[in-house]
Student: 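This is the structure I have questions about; it appears just below.
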Amino acid sequence: MRMHRGLMLALALVCTAQVAAAQDFIAGIPRSEALIIQGAPSQNADWFNVWAAGGGANTNGLQQLSTDTLWFINPEGGPNAWQNALATDKPAYDADFTTMTVKLRPGIYWSDGVELTGDDLVYTVQTQIDHPGMGWSAPFALNVASMEQPDKYTVVFHLKAPNSRFHTLFTVRWNAAWIMPKHVFEKVGDPLKFDNNPPVSLGPYVLNSYDKSGNWAIWKLRDDWQRTSLGMDLGEPAVKYVVYRVAGSPDARVIDQRNHNLDVINDLAPEGMFALMRDPKSTSTAWRKTFPFAHPDPTLPAVLFNTMAKPFDNPDVRWALALAIDIRAVAMGSYRGAADVSALAYPPTGAASDDYFRPLQAWLSEFELDTGKRKIKPYDPTIATQLANMVRPSWGNQIPADPAQLQTMFGFGWWKHDPQAAAELLEKAGFTKRGNSWLKPDGTPFAFKLMVEGDAIPTLARAGIEIAQEWSQMGIAVKVEVAGTTLRQRLNVGDFDMAIFWTIETWGGHPDLSFFLDSYDSRFIVPLGQNQPPRNLQRWRDPELDRIIHANQSVSFDNPQVVELGRDFLKLAVREMPMIPLMAYNKFAPFDTTYWTGYPSVEDPYSASGPYWSNIRYMIARLKPNPTAPKS
Amino acid sequence: MSGFLVYVARRFVQFVLVAFTGVTLAFLIVHLSPVNPVDQTVSLMTTFGATDPASVAMLRSALSELYGVNGSLAHQYIAFWSRVATGDFGPSLSAFPTPVLTVILRAIPWTIGLLTLSTLFAWTFGNVLGALAGYYRDSRLLKLAGIVVTAVQPMPTYICGLTLIILFGYTWPIFPISGGTQMNLSPGLTWSFVGSVVTHGALPALTLVLVSLGAWFNSMRSLVSNVVTEDHVVYAELAGVPSRTIFASYVARNAMLPQITGLALSLGHVFSGAVIVEFLFAYPGMGQLLIAGINAGDYSLVLGVTTISIIAVGFATFLIDIAYPLIDPRVKLG
């Protein structure tokens, strides 16, 4: 009898499981109408207040789909990189950059039917000034003296001091100051404690449903999508539902995409990408359909020096360590060859090839370094070809022979691996060698730690290990230190010798360097032990650097002089080597074409495609349903 | 009876002291961690955006005020206990201003459901199989079971889980490989929801069962192997008592006592979650919460999770201590 009851219970469970197994992947939503994107877990699932610091997930579709602001820049570059979103035109400054005028587009509505006007823009700025601790409180409080509204759609900002880049607060690269719905927040006592649930959308999608445990959020196309900036510019999106979901370990993501349950993956290890793309039955595509497949983010992983700590305050020592690196081994070890290397302090992505890399090739080739014993020309413009030859046995005819094509895949060139020149530079700096070990000028061993984050960014951890090995072979006692979650804090207070991280992030689609360069001003450098504001974590100080920064600030964002100043910065960074640039942060982000096609690619870089980037909305709006998709 | 009450009172005082010491240690360790929640939030907000250093300094100051992380360690320690006494662990710093208790209560049902069921199943199945293997030593089937179970035991949880993902998520895709339920499904006592919870929990539960089965099996088999040599068992066999009765009443029952202690301790550990399994399967339990809290420097959340775990394990031990004299009359209360 007991056995029969047990059997009945087991049968009931199996039947229940079968019922569940036979269900659609998303309850009540046709798979063919949904784009499923890898998201991140949210501990604050009920919270949709993107303006409260630390609250409101920005990896669940909130900032990607339901918010909007004045301008976007496509990080991929191109002639249409600049996008007027809520604004009718580019920002209009007066001659001394103390006033900025913005005109909003008429006819844009919040999802609850209220029209967007200048009141919302003014409210966004004033509220955040009045409530310190909100996402943009500090920059608004520091910059805005007053605002006026000559008409319903126009706002004039009067700034406390000249600021030719004030508009960048409202210009999206990854995110920007989103416009707040005045009619919602003005009824709230404390905007820092308001959950804004459900959120009123200014973007084309509204919240459909979400998981209280923070594992998924589903957004639905607004019925009045044509009353959004995206709808006005690109028409009705074919994607009716956008699903951000947590997809587990990297292996689970690959399997989920193979099972057609995950259309867009944020990032994989190179091996996972290769497994997907090598499979002849795979329906996955990527930024590049052939090796290296990866999308280069406008971010530059580099070896950072703590330039306030001896002996890294000496450019000769920094150059010596750079020449002791074989970048080909680093590319193979970290990215299995799928690396886009950069000798310049700038990621080789977007518009950078035309603005900086190509024009500076001649200068780089002629650049001379005095090792103390001779003058050398350390630049090797053939690195791309060398890398291609190393990976060609594995990837065959996916690797072209054309040097120009190879440059777009593997980079323009890097420094020659020259341990002899490195040794001469160390001797020039007063170092001596005893046996195979180098000693500092004071006679103590030249030993230090190279800090890496660890498992969170495995490619850079591998790069660190490879670099440390090469330095060790040269007689430098270096240890790799895995900092884990303490990395950023330790970088901030200068508790490191050297580290692999990124302190150069660019617009990608615009040559102006202010996105990161303004923070390199020497007035922001603080002593070791205090929090150094991002991004000059190497605490590099140089009068010429300040000159470039101030000169850049004195011209407008679109002034052609911006490119010249950018090149001046890059040449200075080569001479001084405050960091050893390595490569672009290559992201392995495959897309499944079973249900959707038309993803951006290197041939058609019409939009960013990173799930957490706010400009992914421009990709979503242009996707088309695959006519051969299974019916559901 | 009075002896028993004194025994219970002593054990309760012990439980309170253990819990207090454990939570205090957890508080100190967490607060002495170099990971600063304000810096973590500032990093998150400035990593990809344009940064004006002056703005960052203002933001850091505002967040310190908001998060209440100013003040001495002693001040924060007293404030912590005064809140815990009312079940309030304060706001989560990575999910500000959502209370820590709210965040934990969302995750607890998943963890309790998954780990309790898989622990009970592994315990029951492992002990039954181990007892049989220890008593019927000549059975080839049981010997084979022992080999299989022992072979799987040393397998790391991650490898076991990954193997199941590949087998049942890719090669023969009959189970979902991530999440707690189907998306867009309203929670409730419906066949759809329950079935979805069962199918989504199948692979995580199977992983946990497989990696823990061997320990219960081997320990029970050893215990039974000892008990069968005792005089009362030999006497029963000589007296012609049926082997089924000897097995159930003379052998297994006596061998079970240490396993009950082990079960209580295992159930106490349920509250700390199964970190690796939850990460692998994106299962929304306490383990994932703990890892997220540690990575974000959210010491309020980490303290909340560890406090609950410490109290749960301590309480489970307390319950076993007071239940033992009732189960085993040989235990003296003095």
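Only a predicted model underlies this, so the values are computations on that prediction, with no experimental measurement involved.
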Student: Which bit of Leu162(B) comes within less than 4.5 Å of chain A, counting heavy atoms only: side chain, backbone, both or neither?
Tutor: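 Contact with chain A involves the side chain of Leu162(B) alone.
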Student: Is the gap between the ring centers of Phe140(A) and Phe170(A) under 6.0 Å?
Tutor: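 Yes; Phe170(A) has its ring centre under 6.0 Å from that of Phe140(A).
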Student: Determine, stepwise, if the pair Tyr210(A) / Asp46(A) fulfils side chain to side chain donor-acceptor pair (under 3.5 Å).
Tutor: CA-CA 8 Å; Tyr210(A) 67 96; Asp46(A) 290 320; 2.5 Å; yes
Student: Between Asn208(A), Thr486(A), Asn536(A), Leu142(A), which has the largest tally of heavy atom pairs under 4.5 Å with chain B?
Tutor: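 That would be Leu142(A).
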Student: Using non-hydrogen atoms only, which part of Asp521(A) is less than 4.5 Å away from chain B: side chain, backbone, both, or neither?
Tutor: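 Neither part.
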Student: Report the option among Ser137(A), Ala45(A), Pro533(A) that has the most heavy-atom pairs separated by less than 4.5 Å from atoms of chain B.
Tutor: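 Greatest number of close heavy-atom pairs with chain B: Pro533(A).
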Student: Looking only at heavy atoms, what is the nearest atom pair of Ser196(B) and Leu185(B), with distance?
Tutor: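 Result for this residue pair: CB-CD2, 3.7 Å.
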Student: Please find the pair of heavy atoms, one from Phe125(B) and one from Leu213(B), that lie closest to each other, and give the distance.
Tutor: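 Between these two residues, the closest heavy atoms are CD2-CD1, 3.8 Å.
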Student: How far apart are the closest heavy atoms of Ala27(A) and Gln182(B), and which atoms are they?
Tutor: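 Looking at all heavy atoms of both residues, the closest pair is N-NE2, 3.4 Å.
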Student: Among Asn259(A), Val246(A), Asn261(A), Asn492(A), which residue forms the greatest number of heavy-atom pairs with chain B at distances under 4.5 Å?
Tutor: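 The candidate making the most pairs under 4.5 Å is Asn259(A).
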Student: Taking side chain as everything from C-beta outward and backbone as N, CA, C, O, which of these in Val243(A) sits under 4.5 Å from a heavy atom of chain B? Side chain, backbone, both or neither.
Tutor: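 For Val243(A), side-chain heavy atoms alone lie under 4.5 Å from chain B.
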Student: Checking Ala456(A) against chain B: side chain, backbone, both or neither under 4.5 Å from a heavy atom?
Tutor: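 The answer is neither part of Ala456(A).
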Student: Students often mix this up, so state it plainly: with edges at 30° and 60°, are the rings of Phe279(B) and Tyr158(B) parallel, tilted or perpendicular?
Tutor: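 Because their plane-to-plane angle is under 30°, the rings of Phe279(B) and Tyr158(B) count as parallel.
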Student: Please flag which part of Asn215(A) lies under 4.5 Å from any non-hydrogen atom of chain B: side chain, backbone, both or neither.
Tutor: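 Contact with chain B involves the side chain of Asn215(A) alone.
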